[in-house]
Amino acid sequence: MKPQQDALVIAARRAREFAHAPFSRFRVGAALETENGTVITGCNVENATYGLTVCAERVAVLKAVSEGHRVFRRIAIVADTAEPTPPCGACRQILWEFGGNLEVILANLTEETGRFRLEDLLPLPFDARFLG
Ligand code: THU
């Protein structure tokens, strides 16, 4: 029997369906869980100028913050890859700003591919503590 799938992963898979990725064709979905259990999703949104592309994780964080959420527990990230697709460096930094040491769940379309703590993906982070 298949192990039960985490609801956060299922939400990220659903969000991936909305990805706008005509250039890379690499579709990503993310689902961010707030401290009170609310789930805010995101997908990657590409642009014809390429550099303005925004990753799924950052879309989720910016949506959440713009709706008043500030404390997060977990994020699920889904891509159609056998190996885990980890968040890019820029997204790790943005996640750290609001998420702190949150749990990062990586998954593909059928199964989980890894669970990490953000501090292990972003050792020695720069953050507000350095600003005094
Ligand atoms: N991408 C994400 O949305 N999240 C990741 O964790 C890795 C990369 C997107 C950006 C771009 O639209 C496409 O995947 C290829 O890099």
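As a basis for the values below, the full set of heavy atoms in this structure was taken, side chains included, without hydrogen atoms, waters or symmetry mates.
- Of all heavy-atom pairs spanning Cys43 and Ala15, the tightest one is CB-O, 3.4 Å.
- Judged as a side-chain hydrogen bond (donor to acceptor under 3.5 Å, both in side chains), the pairs with a partner in residues 14-28 (not counting sequence neighbours) are, in order, Ser24-Glu46.
- The minimum heavy-atom distance linking Thr113 with Ala107 is given by the pair OG1-N, 3.5 Å.
- Between Arg92 atom CZ and Cys55 atom SG the span is 11.0 Å, to the nearest 0.5 Å.
- Residue pairs meeting the side-chain hydrogen bond (donor to acceptor under 3.5 Å, both in side chains) criterion with at least one partner in residues 53-80, sequence neighbours excluded, are Asp6-Arg74, Glu33-Arg73, Glu33-Arg74.
- In terms of hydrophobic clustering, with Ile, Leu, Val, Met, Phe, Trp and Tyr side chains grouped at heavy-atom distances under 4.5 Å, Leu95 and Phe98 are assigned to a common cluster.
- In this structure, the side chain of Arg13 engages the main chain of Leu109 through a donor-acceptor pair within 3.5 Å.
- Shortest non-hydrogen contact noted between Ala31 and Leu8 is CB-O, 3.4 Å.
- Every pair passing ring pair (Phe, Tyr, Trp, His ring centres under 6.0 Å) that includes a residue from residues 111-132 is listed here, sequence neighbours excluded: Phe126-Phe130.
- Residues Gly42 and Ala60 come closest through the heavy atom pair N-CB, 3.8 Å.
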Subject >> Full working for side-chain contact (heavy atoms from CB on, under 4.5 Å) between Ile105 and Ile77 >> reply: CA-CA 6 Å; Ile105 304 165; Ile77 304 164; over 6 Å; no

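- With hydrophobic clusters built from ILVMFWY side chains whose heavy atoms lie under 4.5 angstrom apart, Val65 shares a cluster with Val104.
- From Trp96, atom CH2 reaches atom CG of Leu122 across 7.0 Å, with rounding to the nearest 0.5 Å.
- Going from atom SG of Cys91 over to atom CG of Leu121 covers 12.0 Å, rounded to the nearest 0.5 Å.
- In the hydrophobic clustering of ILVMFWY residues, with side-chain heavy atoms under 4.5 Å counting as a link, Ile94 and Val28 come out together.
- Applying the 6.0 Å contact sphere to CG of Leu131 captures more than 12 heavy atoms from other residues, nucleotides or ligands.
- When all heavy atoms are compared, the tightest approach of Ala12 to Ala76 is CB-O, 3.6 Å.
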**OP:** Quick one: do Thr85 and Leu106 satisfy side-chain contact (heavy atoms from CB on, under 4.5 Å)? Show the steps, please.
**Re:** CA-CA 7 Å; Thr85 294; Leu106 307 181; over 6 Å; no

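- The distance from the CZ atom of Phe72 to the CG atom of Leu32 is 5.0 Å, given to the nearest 0.5 Å.
- In this structure, the separation between CD1 on Ile75 and CG on Leu118 is 9.0 Å, given to the nearest 0.5 Å.
- In plain terms, the two heavy atoms of Glu103 and Arg117 that are nearest each other are N-NH1, 3.7 Å.
- The aromatic rings of Tyr50 and Phe23 sit tilted relative to each other, their planes meeting at an angle between 30° and 60°.
- Side chain of Glu97 to main chain of Ala128: no donor-acceptor pair is present (N/O by atom type, distance under 3.5 Å, no hydrogens or angles).
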**OP:** Before giving the answer on side-chain contact (heavy atoms from CB on, under 4.5 Å), spell out for Asn44 and Val59 the whole-Å C-alpha distance, their side-chain angles and the decisive distance to 0.1 Å.
**Re:** CA-CA 7 Å; Asn44 53 330; Val59 169; over 6 Å; no

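- Between the side chain of Asn108 and the main chain of Thr81, a donor-acceptor pair closer than 3.5 Å is present.
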